[in-house]
Amino acid sequence: MSRLAIVTGGNRGIGLEVCRQLAMKDVQVILTCRNPEKGEEATEKLNAAGHAAVFHPLDVDDPESIKALFEHVEEKFGWLNILVNNAGIMLDPRETNGGAASSSLTASVETISNTFRTNTLGALQMCQLAIPLMKRAGFGRIVNVSSGMGQLSDMGGGYAAYRISKTALNAVTRIFAEENQGTNVLVNSVCPGWVRTDMGGPGAQRTVDQGAETITWAATLPDDGPTGGFFRDKKRIDW
Ligand code: NAP
């Protein structure tokens with residue numbers, strides 16, 4: 001039986017490409033996103049290319065929406081193999097009037113808390129509901145799409161909300177990986193690199209397929225694959 005995956009933020013950017021790459025590997029994909037029209041459109045394109053994908057609405061900033069998705073998965077399938085926590089936002093102002101990146105001195109608590117709800121708490125709740133279904137299936141792979149901007153060992157200034165949310169997402173990876181040792185549920189963080197998407201902008205170095213490659217790799221690791229790691233280009237990087 002083919003693997004079953006949920007991808008968050010699957011309507012565009014890296015998430016859409018992860019859906020395509022997983023489908024290419026014979027994974028059944030539940031493409032989720034918050035705008036149903038865009039989700040249906042993206043799913044139809046995958047189907048037209050011969051890929052097994054279905055759409056389900058999901059706003060990771062809404063615990064009820066997360067609950068509704070998992071009620072649907074429980075009822076329709078009763079199990080799950082792969083979760084890619086890809087949905088993410090960067091709300092920090094890109095530049096101040098002086099042209100420098102947003103300063104932490106002026107970062108608003110509202111921006112930090114909104115970013116945290118989507119990038120960190122949404123992913124955490126997804127893990128909480130996905131893991132029991134993965135254990136039932138005897139196979140689970142969770143990929144938290146993080147960023148070098150959340151890497152403590154290479155922490156720069158500015159973009160406080162985004163950086164903090166991704167550092168905390170890495171903590172979510174470590175905690176769930178640790179608690180699920182020996183269960184064949186492997187939990188890892190991946191930095192896709194700087195990718196040409198709406199978030200990455202046109203000046204980014206990588207294409208979406210390059211950005212999605214390591215995420216897809218971590219989502220389809222063999223049973224003896226790593227857990228609790230942080231990866232870029234399929235190589236372990238420092239936290
Ligand atoms: P993107 O093009 O801006 O796409 C972001 C995706 O997240 C969209 O599908 C968006 O949906 C979705 N999303 C945002 N808030 C959501 C919510 N509350 N519920 C459900 N979906 C939500 O960004 P991207 O570049 O593909 O980024 C994907 C991931 O890679 C993010 O986690 C990002 O932090 C990470 N990343 C990106 C880069 C880069 O250079 N691009 C580098 C490092 C890490 P809507 O269409 O509804 O807004």
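This structure is a prediction, so every number in the text was calculated from the model and none was measured. For ligands, and for the atoms within them, numbers begin at 1 and follow the listed sequence.
- Using a 4.0 Å cut-off between charged side-chain N and carboxylate O, R117 and D59 make no salt bridge.
- Using modelled atom types, no side-chain atom of T197 and backbone atom of I14 make a donor-acceptor pair closer than 3.5 Å.
- Ion pair E40/K45 not flagged as a salt bridge, since none of the NZ, NE, NH1 or NH2 atoms sits closer than 4.0 Å to an Asp/Glu carboxylate oxygen.
- Contact residues for ligand 1 (protein heavy atom closer than 4.0 angstrom to any ligand atom): G9, N11, R12, G13, I14, R34, L58, D59, V60, D61, N86, A87, G88, I89, T118, V145, S146, S147, Y162, K166, P192, G193, W194, V195, T197, D198, M199, G200.
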Which pairs of donor and acceptor atoms, one on a side chain in residues 128-135, lie under 3.5 Å apart (sequence neighbours left out)?
from: K135; atom 1: NZ; to: N180; atom 2: OD1; distance (Å): 3.1

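- Electrostatic pairing of K38 and E41 does not count as a salt bridge here, judged by no charged N lying under 4.0 Å from a carboxylate O.
- Side chains of N170 and S146: a donor-acceptor N/O pair is present below 3.5 angstrom, by distance only.
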